[in-house]
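Since the model is a prediction, treat every value here as computed from it, not as a measurement. FYI, the numbering just counts along the sequence from 1. Note: hydrogens, waters and symmetry copies are ignored here, and every other heavy atom, side chains too, is used.
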Amino acid sequence: MIMGYWVSLVEPDRKHHKIVSMDKSISYNYSDLMSHLPCDRVRDWQGKQAEDMQLPVTNSLNPLLTDQYKYQKYELDQEHHYGTIDVCIEILRDALQLFIEHPSGIIVVD
C-alpha cells in the first residue's frame with residue numbers, strides 16, 4: 001500500500017530529467033480531503049503540466065483558507081496532524097510555488 005507520494009517536475013522534452021522536487025512526501029492521508037477540492041488527489045497530477053495545475057491548486061487553497069468548516073469532516077487525525085486542513089494548505093502552497101516557478105515542467109508522482 002502506498003503511504004505517500006513524492007512530487008517532482010521533469011523537463012517536458014526530456015521526461016526523465018528532473019528539474020526539482022517538493023521537499024516533503026504527501027501522505028495518502030490527504031487523499032480524501034483533496035478529492036473534495038478542485039486540485040483532486042495528488043496521484044491524479046501525474047503527467048500534467050505544472051502550468052495547468054496552477055488554477056486548480058489556487059482554487060483549492062481559497063476554500064480551505066476561507067471555509068475550513070466545510071472540509072473538517074474530511075480531516076483524519078487532528079491530534080497527530082494527519083490529513084489536516086492546516087498541513088494540506090502547506091502542501092498546496094508548496095506545490096503552487098513549484099508550479100509557478102517551473103510552469104513548463106511535467107509533474108511526476110512517485
Rounded distance (nearest 0.5 Å) linking atom [atom1] of [X] with atom [atom2] of [Y]:
X: Leu64; Y: Met34; atom1: CG; atom2: CE; value: 9.0 Å
X: Tyr71; Y: Thr84; atom1: OH; atom2: OG1; value: 15.5 Å
X: His102; Y: Glu51; atom1: NE2; atom2: CD; value: 13.5 Å
X: Leu96; Y: Leu55; atom1: CG; atom2: CG; value: 10.0 Å
X: Ile107; Y: Gln49; atom1: CD1; atom2: CD; value: 9.0 Å
X: Leu92; Y: Leu37; atom1: CG; atom2: CG; value: 7.0 Å

So [Y] and [X], do their side chains get closer than 4.5 Å, heavy atoms only?
X: Leu9; Y: Lys18; answer: no
X: Ile106; Y: Lys48; answer: no
X: Cys39; Y: Asn59; answer: no

Who passes side-chain hydrogen bond (donor to acceptor under 3.5 Å, both in side chains) against Gln97, sequence neighbours left out?
Glu101
Between the side chain of [X] and the main-chain N/O of [Y], is any donor-acceptor distance below 3.5 Å?
X: Ser25; Y: Ser27; result: no
X: Gln54; Y: Phe99; result: yes
X: Glu11; Y: His17; result: no

side-chain contact (heavy atoms from CB on, under 4.5 Å) against Glu90, all qualifying residues, sequence neighbours excluded:
Lys24
Would you check, one step at a time, whether the test side chain to side chain contact (heavy atoms under 4.5 Å, CB included) holds for Arg93 with Leu65?
CA-CA 11 Å; Arg93 282 181 173 157; Leu65 292 167; 3.5 Å; yes
